[in-house]
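To start, the structure itself, in structure tokens.
Because the structure is a prediction, the values reported are computed rather than measured. Residue numbers run from 1 in the order of the sequence given.
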Amino acid sequence: MDALKNYLLLLLLACIWGSSFIIMKKALVVFPAEQVAALRIFIAALAVIPVLPYSLKRTKKKDVPIIGVIALLGSGIPPFLFTFAQTQISSALAGVLNTLTPLFTFLLGLLFFGVVFRAQKLIGVLLGMFGGIFLIVFSTPYSQSENNLYALLVVLASMCYAMSSNTVKRYAQDISPVAISAISFLMIGPFAGVFIFSTDFLEILNATEGAWTALGLIAILAIIGTAFANMIFFQLTQRTDALFASMVTYIIPLIAIFWGVLDGERIDWTYGMGLLTILSGVYLTSLKKAPKLATS
């Protein structure tokens, strides 16, 4: 039952984050990318206010610096790196580079967090990465003009996610997932608020048709796709390990493509091949021990 719950949490997380792309697409019609990122963080911070008393009561002072690292690397820096990167590179390239997250999680875990090397986990990571890249390459057209320097921002964001998830598993195992999420946004939310109100956000909101609708979509994205989803991610990381939780990166393209199908897009054999490869990779990373081979 524990294994089933882990898979269901992974699938739920992928569904939430995979569905966020269609919301961001509509919000970006009205607001620039950096405002969407800042609003997402700021509104998420407002959303967790009701659980702050519970979170602060359940958290020890010695845990606050750890949560600060998780907040900065997991929720504070990456959204801005991604949005700035995608002003110069395609979403397809960003998606491909984001599949490096589990690989970085695996490597950084070995180097700095005392994770034990297991060959089947490395094979699972590489299988999942191949499936994710395969899906993205065949489902999304590339731009002819990519700025490789901006692509490095996505690589850096992937490394930030990897460090954050390893930190959760190694140093925040006994902290409530609700507390980690709530206190994280308490730390970075005010900075996002200062940033957003230093831009022309209010002018756009009052003068642009559809701005309030776009703001509502961002609010949904912030509450469900950020604050709530982070709680699920932290719980999943604590229940399994940082590597298994990071495999959500590979499933997200499947969900995003599914929404595209509902929107009238067509899929072919590449979707099925990518799906099987990704699921094989996820399965291998979930194993505690290497699978036994049948002998005659």
Using residues 58-78 as the side-chain source, report each donor-acceptor pair under 3.5 Å to any protein atom, sequence neighbours left out, with the distance given to one decimal.
residue	atom	partner	partner atom	Å
Arg58	NH1	Tyr54	OH	2.7
Thr59	OG1	Ser55	O	2.7
Ser75	OG	Asn230	ND2	3.0

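- At least one side-chain heavy atom of Val282 sits under 4.5 Å from a side-chain heavy atom of Ile251.
- Looking at Val115, Asp241, Leu126 one by one, the single match for side chain to side chain contact (heavy atoms under 4.5 Å, CB included) with Lys121 turns out to be Asp241.
- Legend: residues meeting ring pair (Phe, Tyr, Trp, His ring centres under 6.0 Å) with Phe234, ordered by chain and number and at least two apart, are absent.
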Can you list, pair by pair, the side-chain donor-acceptor contacts under 3.5 Å of residues 218-229, counting residues two or more places apart and other chains?
residue	atom	partner	partner atom	Å
Thr226	OG1	Arg40	NE	2.6
Thr226	OG1	Leu221	O	3.2

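- Between Tyr250 and Met129 the shortest side-chain heavy-atom distance falls below 4.5 Å.
- Residues Phe233 and Trp17 form a side-chain contact, since some pair of their non-hydrogen atoms from C-beta on lies under 4.5 Å apart.
- Under the 4.5 Å side-chain criterion, counting only non-hydrogen atoms from C-beta, Gln35 is in contact with Asp200.
- The shortest non-hydrogen separation linking Pro102 to Val125 is C-CG1, 4.1 Å.
- Applying the 6.0 Å contact sphere to CD of Glu209 captures no more than 12 heavy atoms from other residues, nucleotides or ligands.
- A donor-acceptor contact closer than 3.5 angstrom is absent between the side chains of Asp174 and Gln238.
- Phe80 is listed as a side-chain neighbour of Ile41, based on a closest heavy-atom distance under 4.5 Å.
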Run Phe84 and Tyr150 through ring-ring contact (aromatic ring centres under 6.0 Å, His included) and show every step you take. CA-CA 8 Å; Phe84 282 118; Tyr150 278 79; 8.4 Å; no
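- Residues Leu243 and Asn166 are not in side-chain contact: their nearest non-hydrogen atoms beyond the backbone lie 4.5 Å or more apart.
- Between Arg170 and Phe112, every side-chain heavy-atom pair lies at or beyond the 4.5 Å cut-off.
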